[in-house]
Amino acid sequence: MKPLNLILFGPPGAGKSTQAAYLDKLAAIDSISTGQRLRQTVETGSELGQEVAQVMAAGRLVDDTLMNKLLNEWLLTIPSEVGVLLDGYPRTLSQAQSLDQLMQAINRPLEVVIALTLSDEEAIRRLSGRRICRIKGQPDQILHISDQAALDQCRASGGQLIERDDDRPETIKRRLAEYNAKTEPLLQFYGERDLLILIDADGTPNEVSQAIEQALQQRFNGAE
Ligand code: ADP
């Protein structure tokens with residue numbers, strides 16, 4: 001598949017990072033996951049990291065001015081010959097407008113917005129049961145507490161089961177409220193420009209990946 005500049009959009013728990021990893025393999029695309037990058041900033045323990053940690057743990061959005069500045073910096077590190085996938089940005093109208101300006105300035109047109117859709121109920125079920133299995137020297141793996149086999153395997157491999165700070169019930173509710181109030185309205189913003197593809201995210205990761213791939217093929221390769 002040709003390199004694309006795209007946004008992966010969806011509520012918390014929709015599986016954006018899982019699908020971003022899939023698309024990274026499918027085409028010459030580098031992902032920018034804002035949540036992941038912010039968590040790295042938190043881990044540095046810097047003053048900025050401490051500020052960001054508080055905002056994230058409360059389930060609120062990091063300030064637009066800061067996010068726009070960070071995104072500019074991250075985007076400029078992506079080589080021009082590969083596409084870019086934005087996972088977690090833009091989340092507000094101000095961010096979407098800032099992104100437009102930046103993409104225009106660097107001549108990297110936005111080609112498609114894939115929006116994963118999921119009910120609040122299913123998002124809450126996924127996030128409240130989400131755990132990270134961390135095994136030294138290996139990439140983190142995400143699992144759900146209902147998956148006993150995955151839990152056992154993680155423990156048997158000497159892995160540590162970690163709950164994300166913002167996956168606690170009250171924070172989940174706040175994150176969904178932020179999404180519904182500030183981020184979901186962007187669907188209309190991109191829909192009006194005919195950039196939007198809606199994908200039902202209430203399936204297995206594999207099913208969702210297949211649906212995305214098929215939709216992209218149809219749109220860009222004219223496949224049936
Ligand atoms: P999710 O999409 O599942 O909520 P992420 O890992 O993408 O999780 O983001 C976690 C948190 O990082 C958000 O709740 C928010 O506090 C912060 N964040 C990430 N991206 C942005 C952004 N574009 N603007 C503001 N805050 C952001």
Side-chain angles (χ1 to χ4, degrees), residues 6-21 23-24 31-44 48-75 84-103 110 113-132 139-144 162-187 189-190 199 201-202 205 208:
L6 63 105
I7 295 173
L8 194 55
F9 199 83
K16 294 187 294 292
S17 304
T18 307
Q19 299 307 327
L23 287 165
D24 271 2
S31 297
I32 299 178
S33 158
T34 52
Q36 205 175 318
R37 291 195 187 214
L38 289 173
R39 281 187 285 280
Q40 284 165 0
T41 306
V42 169
E43 273 167 30
T44 65
L48 175 65
Q50 291 175 27
E51 268 174 48
V52 168
Q54 283 189 8
V55 177
M56 288 175 79
R60 304 210 173 250
L61 292 183
V62 173
D63 170 71
D64 279 339
T65 312
L66 173 62
M67 276 320 294
N68 292 342
K69 182 168 156 276
L70 289 173
L71 198 277
N72 281 15
E73 283 170 18
W74 295 332
L75 197 53
V84 67
L85 182 155
L86 298 176
D87 160 10
Y89 186 98
R91 270 173 141 101
T92 63
L93 190 58
S94 152
Q95 293 183 11
Q97 288 163 341
S98 169
L99 180 66
D100 271 351
Q101 282 178 5
L102 179 64
M103 300 284 254
L110 178 64
V113 177
I114 298 174
L116 303 177
T117 60
L118 194 70
S119 67
D120 280 6
E121 293 69 37
E122 175 61 10
I124 290 168
R125 191 195 73 79
R126 289 185 185 180
L127 295 173
S128 55
R130 175 162 74 179
R131 296 292 181 275
I132 294 158
D140 284 349
Q141 278 191 355
I142 292 174
L143 49 86
H144 195 272
I162 304 166
E163 182 173 14
R164 244 170 70 172
D165 262 358
D166 55 355
D167 278 348
R168 279 168 288 127
E170 58 297 351
T171 313
I172 293 171
K173 270 198 209 131
R174 164 58 57 190
R175 283 160 65 201
L176 282 170
E178 292 278 71
Y179 178 82
N180 291 331
K182 297 179 183 160
T183 310
E184 205 187 42
L186 294 182
L187 288 178
F189 180 83
Y190 290 115
I199 301 282
D202 193 4
V208 179

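Read the numbers this way: they start at 1 and go in the same order the structure lists the ligands and their atoms.
Side-chain contact, Asp87 with Ser31: no donor N or O sits under 3.5 Å from an acceptor N or O.
Sorted by chain and number, the heavy-atom contacts of ligand 1 below 4.0 Å come from Pro12, Gly13, Lys16, Thr34, Gly35, Leu38, Arg39, Met56, Arg60, Leu61, Val62, Met67, Gly88, Tyr89, Arg91, Gln95, Arg164, Asp166, Arg175.
Annotation: the span from Ile114 atom CD1 to Ile199 atom CD1 amounts to 6.5 Å, rounded to 0.5 Å.
Looking at Thr171, its side chain never comes within 3.5 Å of a backbone N or O of Asp166 through a donor-acceptor pair. Judged by distance alone, with hydrogens and angles left aside, the side-chain atoms of Gln95 form no donor-acceptor pair with the main-chain N or O of Asn68 at under 3.5 Å.
By the neighbour-count criterion of 12 heavy atoms within 6.0 Å, atom CD of Gln54 is sparsely surrounded, having that number or fewer from other residues, nucleotides or ligands.
Within the structure, side chain to side chain donor-acceptor pair (under 3.5 Å) contacts touching residues 113-122 (residues at least two apart or in different chains) are Asp120-Asn180, Glu122-Arg125, Glu122-Arg126.
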